[in-house]
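This report refers to the structure that appears directly beneath it.
First listed ligand is number 1; within each ligand, the first listed atom is number 1.
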Amino acid sequence: MESVRVPLGERSYDILIGSGTLKDIGRHLKGTAFWRDSSARTAIVSNPTVYKLYGDTVYESMAEAGFEPVKVIVPDGEEYKTLLWAEHILGKLLSAKLDRSSFIVALGGGVIGDMAGFAASTYMRGIRFVQAPTTLLAQVDSSVGGKTGVNHPLGKNMIGAFWQPSLVWIDTATLGTLPKKEFIAGMAEVIKYGIIRDSEFFEFIGKNKKDILNLNSKALTRIIKRSCEIKAEVVSKDERESGLRAILNCGHTVGHAIETVTGYTRYLHGEAVAIGMHMEAHFADMPQKEVARIKRLIESYGLSTGLPKDIDEGALMAAMEIDKKALRGELRFVLPETIGSVKVLPVKKDRVLKALKRGG
Ligand code: NAD
Ligand code: GLY
């Protein structure tokens with residue numbers, strides 16, 4: 001197995017990456033001092049789609065190792081990432097009598113990871129949890145870094161906590177059942193890491209497209225590991241996003257605005273971020289040749305880079321003005337100086353509007 005350490009003092013943890021490893025999770029936990037003294041009572045939080053595919057494997061692995069897992073199932077979908085369903089999870093933990101030395105295994109994509117992590121952060125004022133991410137997006141992004149939470153009718157991810165997992169257990173074989181569209185959307189976040197931090201990685205993603213799309217396990221491990229290394233490095237320097245961590249939002253200012261304006265139904269998050277990364281590259285002072293490389297790589301994975309004609313630029317601008325990076329009415333973006341290096345910089349509104357009107 002490959003491993004990446006997230007160095008955060010007493011909250012440090014490992015990301016372990018392998019193929020076909022879900023069946024070993026119980027043995028690993030039991031064999032590690034940190035977990036050995038846990039209460040036998042644990043919970044596996046998942047949704048029906050993922051539990052049907054991988055739930056029994058994880059359950060049996062935990063039970064064979066001597067844990068007594070309770071399964072907690074929430075419906076599949078972003079619309080269930082709510083306080084109400086977090087409360088449902090907490091109720092199941094209470095009924096099953098989990099105690100302060102118990103832990104939760106979050107088995108699923110980013111929705112499950114965020115919500116189970118949030119439940120862990122609040123159950124008896126905080127218990128440990130393991131992320132077992134099963135989407136590409138969750139394996140390279142949401143399972144690492146400790147952002148947990150739920151949505152509110154007035155805003156996405158508006159209720160939450162920074163609560164680091166104690167282990168991230170990545171089984172790349174789970175990507176074999178992930179719908180292709182979800183996989184491709186996750187690739188947008190992988191490309192993002194190349195743009196913000198590593199030009200060689202950016203090239204690797206381009207050169208190894210065939211292996212990556214064929215889910216070759218070596219290629220998958222390489223892209224997931226490198227993405228996690230970059231995320232771990234950024235998070236360890238700025239856990240609570242007071243500065244550097246904002247670079248992980250490259251492409252996300254425009255991306256979030258697209259999601260807002262289209263009511264979160266038309267684009268998967270990664271699909272909107274892909275358009276955002278290309279649009280935002282136009283705001284940067286980088287050679288056109290480099291902008292074209294970004295566009296080519298994104299499109300080579302079947303992702304769009306242009307705004308659809310029916311999106312109103314005024315509405316996009318309004319959505320961007322409430323972005324967390326906006327400062328005193330000024331729009332700020334994560335802009336590449338060159339591929340592999342970015343800065344958070346203000347951009348004049350007329351420049352943004354001009355690029356949006358051109359549509360990419
Ligand atoms: P998701 O969790 O909704 O999963 C997408 C779909 O794939 C779901 O229908 C799910 O049931 C299914 N699925 C998951 N794994 C599967 C598998 N192996 N085989 C078959 N189907 C599978 O979506 P996502 O893209 O993983 O996560 C999106 C969420 O992540 C959003 O709520 C977003 O806010 C959050 N997020 C959080 C962070 C963070 O830092 N915490 C970062 C990025 C995104
Ligand atoms: N997904 C952005 C972050 O974790 O900060």
Q.
Between Tyr13 and Pro165, is there a side-chain heavy-atom distance shorter than 4.5 Å?
A. yes
Q. Considering only heavy atoms, which protein residues lie less than 4.0 Å from any atom of ligand 1?
A. Asn47, Thr49, Val50, Leu53, Tyr54, Asp76, Glu78, Lys81, Gly109, Gly110, Val111, Asp114, Thr134, Thr135, Leu137, Asp141, Ser142, Lys147, Lys156, Asn157, Thr174, Thr177, Leu178, Pro179, Glu182, Lys231
Q. Which bit of Val144 gets closer than 4.0 Å to ligand 2, counting heavy atoms only: side chain, backbone, both or neither?
A. neither
Q: Test the Lys207-Phe204 pair against the cation-pi criterion, namely NZ or CZ under 6.0 angstrom from the six-membered ring centroid and within 45° of the ring axis.
A: no
Q: Report yes or no: is the cationic atom of Arg128 (NZ for Lys, CZ for Arg) closer than 6.0 Å to the six-membered ring centre of Phe34, at no more than 45° off its axis?
A: yes
**Q.** CD1-CD1 distance between Ile184 and Ile298, expressed to the nearest 0.5 angstrom
**A.** 12.5 Å
**Q.** Euclidean distance, Cys228 SG relative to Arg5 CZ, rounded to 0.5 Å
**A.** 14.0 Å
Q. Is Glu330 salt-bridged to Lys349, going by a charged N under 4.0 Å from an acidic O?
A. no
Q: Identify the protein heavy atom lying closest to atom 4 (O) of ligand 2, giving its residue, its atom name and the separation to 0.1 Å.
A: Lys231 NZ, 2.6 Å
Q. Got the closest protein heavy atom to atom 1 (N) of ligand 2, with its distance?
A. Asp141 OD1, 3.1 Å
**Q.** Ligand-residue contact atoms, ligand 2 with Leu248, heavy atoms, under 4.0 Å
**A.** 3 (C), 5 (O)
Q: Go through ligand 2 atom by atom and flag the ones less than 4.0 Å from a non-hydrogen atom of Arg245.
A: 3 (C), 4 (O), 5 (O)
Q. How far apart are the closest heavy atoms of Thr305 and His278, and which atoms are they?
A. O-ND1, 2.9 Å
Q. Quick one: are the ring centres of Phe103 and Phe67 less than 6.0 Å apart?
A. yes
